[in-house]
Number of protein chains: 2
Amino acid sequence: MRLSVSPDTFPPRGHEAKRLSIVDAAAGVFCREGFAGANIDLIAAEAGVSRQTIYNHHGDKEKLFVAVVRDLTERCNAGIFATIATFPDQPKDLEADLIGFAVRLNQNCICNRDGKFLRKLIQTEGERYPELFAEWREQGPGRTWPAIAARFARLAYGGYLAIEDPDVAARQFLGLVNAELQTTFMLGGTPREDEVLQSATNGVRTFLRAFGKRRSVASVEKQSALASA
Amino acid sequence: MRLSVSPDTFPPRGHEAKRLSIVDAAAGVFCREGFAGANIDLIAAEAGVSRQTIYNHHGDKEKLFVAVVRDLTERCNAGIFATIATFPDQPKDLEADLIGFAVRLNQNCICNRDGKFLRKLIQTEGERYPELFAEWREQGPGRTWPAIAARFARLAYGGYLAIEDPDVAARQFLGLVNAELQTTFMLGGTPREDEVLQSATNGVRTFLRAFGKRRSVASVEKQSALASA
DNA sequence: GACGATTTAGACAAGAGTGTCTAATTTTGT
DNA sequence: ACAAAATTAGACACTCTTGTCTAAATCGTC
């Protein structure tokens, strides 16, 4: 695909690497400084390229911003779906497995660099780019929530949970396991690993108090196994 | 206090009214445009004063920003404590009363103008003003969470709830009743009244499934009353 | 009506940032 | 090693913004 036959495809290479480092640096600067406060020269310096190269690649500041959001959305979605794939469909220990899932979701999708950046850009500039973030909403929450809800539905169907509305349950699950991290998220901080675990543990316990089947044989076994361990 | 005796107090008046309208307008513009993008001329226009007046009152853009955050924090805190005062200490219908409280909390503290603005400024500029927002954290969450937790502890002590850790329960309560509003909050939107009620209702029901005492006589009565209604 | 203080409109200097252009340099494929 | 393409540094015009200054107008009080 890099042969001279290609009519309008990409320039040689190294090109793509630069594009990446530009978008990466831009993400950081846009997040720190906001769109208006972001300085192209600073982005260039952090990306290790010249200002002109940025203009060659992306045209102008606004197009660069759009590219950043698209990139982040795509990477975050990939991360979320990869994590959803680890959802415990046939849990051995429901509590432990759900806690594990919650922790993975946090560490791989919400607290990591991409997640933090995307969240901040949405909060900061969401109102300024309605179409762009409408797109995000479709591609992101619009696809991930149903996927998560489907997993909870499956768990309910398998007799592990007593939930009526899987969509509500999915949202409440996330609300619970992140309940103790909200203030940290607000200020743009990253919770420590033990804080994530703590919040997930408390959240899942409450979730199971509400929706867990009353101590099936399996869960009682686990319970005593844990107690004796 | 307006007599000529006062040595260094405030100028006559109307003064204070101007200060208010400046801070109000500034809050709106800072939220829409971010600190860097906010334009003093625009703030002046929206406040209906001249640019010079802003400088007379607040010195410079940064001091104005600090004044805005302080004002919002103060007003929001007042609103939150006023709402906490309506917490159902001796509930007649625990579910309905908690739903009512959740809805009030949302409408009076989170979804109203001040709440939205403060939240956005924290998210947007929190990292740039560590001391300012550390102050907010102390004055705001640092004081309101214990107050809310104390109310839940009281409910537990009164036999209405079975909770171990009132602090955790308080945070989970808010996480649950706002679980379905997160995406809207992210994009800076205001959920409709029925969405708030829906989320609160679902959240409180789950909360009570987890922490409610098993169907006291009173709650069974309510339950059937509702069913027949 | 007169006085003092505040507010106003507008001009202003100084600085910063965007986006363009050019010529020199480096990289890449053959 | 050569040629084409991409990258770079720097200068540049242009715009926008902040914060100051001044003289005129307005307000509130006596």
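Each chain gets a letter, A, B and so on, in the order the sequences are listed, and its residues count up from 1.
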Whole-Å gap separating [atom2] ([N]) and [atom1] ([X]):
| X | N | atom1 | atom2 | answer |
| --- | --- | --- | --- | --- |
| A:I40 | C:dA16 | CD1 | C1' | 14 Å |
| B:D41 | C:dA9 | CG | C1' | 11 Å |
| A:L64 | C:dG17 | CG | C1' | 15 Å |
| A:E16 | C:dT28 | CD | P | 14 Å |
| B:E33 | D:dC16 | CD | C1' | 14 Å |
| B:N56 | C:dT8 | CG | P | 9 Å |
| B:Y55 | C:dC12 | OH | P | 18 Å |
| B:R51 | D:dT22 | CZ | P | 16 Å |

**OP:** Find which nucleotide of DNA chain D each of B:Q52 and B:F35 is nearest to by heavy atoms, and output the residue with the more 5' nucleotide.
**Re:**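 Per heavy-atom nearest nucleotide, the more 5' residue is B:F35.
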For the side chain of [X], starting at C-beta, report the closest nucleotide among [options].
| X | options | value |
| --- | --- | --- |
| A:K61 | D:dT18, D:dT8, C:dG19 | C:dG19 |
| B:V49 | D:dT20, D:dT8, C:dT8 | C:dT8 |
| B:H57 | C:dT7, C:dC12, D:dT7 | C:dT7 |

Base, sugar-phosphate alone, or nothing: which one does [X] contact when heavy atoms must sit under 4.0 Å apart?
| X | answer |
| --- | --- |
| B:G48 | sugar-phosphate |
| A:A36 | nothing |
| A:A44 | nothing |

Subject >> Near-ring test A:F152/A:F87, centroid separation under 6.0 angstrom >> reply: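 Yes, they do, as the ring centres are separated by less than 6.0 Å.
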Subject >> Within 6.0 angstrom of A:Q90 CD, more than 12 heavy atoms from elsewhere >> reply: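 Check fails, neighbour count at 12 or below.
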For [N], does OP1 or OP2 lie under 4.0 Å from any side-chain N or O of [X]?
| X | N | answer |
| --- | --- | --- |
| A:K18 | D:dT8 | yes |
| B:N39 | D:dC16 | no |
| B:T53 | C:dT8 | yes |

Original post:
Which pair of non-hydrogen atoms, one from B:N106 and one from B:L181, has the smallest distance, and what is that distance?
Top reply: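 Nearest pair, atom of B:N106 first, then B:L181: ND2-CD1, 3.9 Å.
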Subject >> Ion pair B:D114/B:R119, N-O distance below 4.0 Å >> reply: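 Salt bridge between B:D114 and B:R119, a charged N being under 4.0 Å from a carboxylate O: no.
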Original post:
Should B:D89 and B:R151 count as an ion pair when the cut-off is N to O under 4.0 Å?
Top reply: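 B:R151 and B:D89: salt-bridged.
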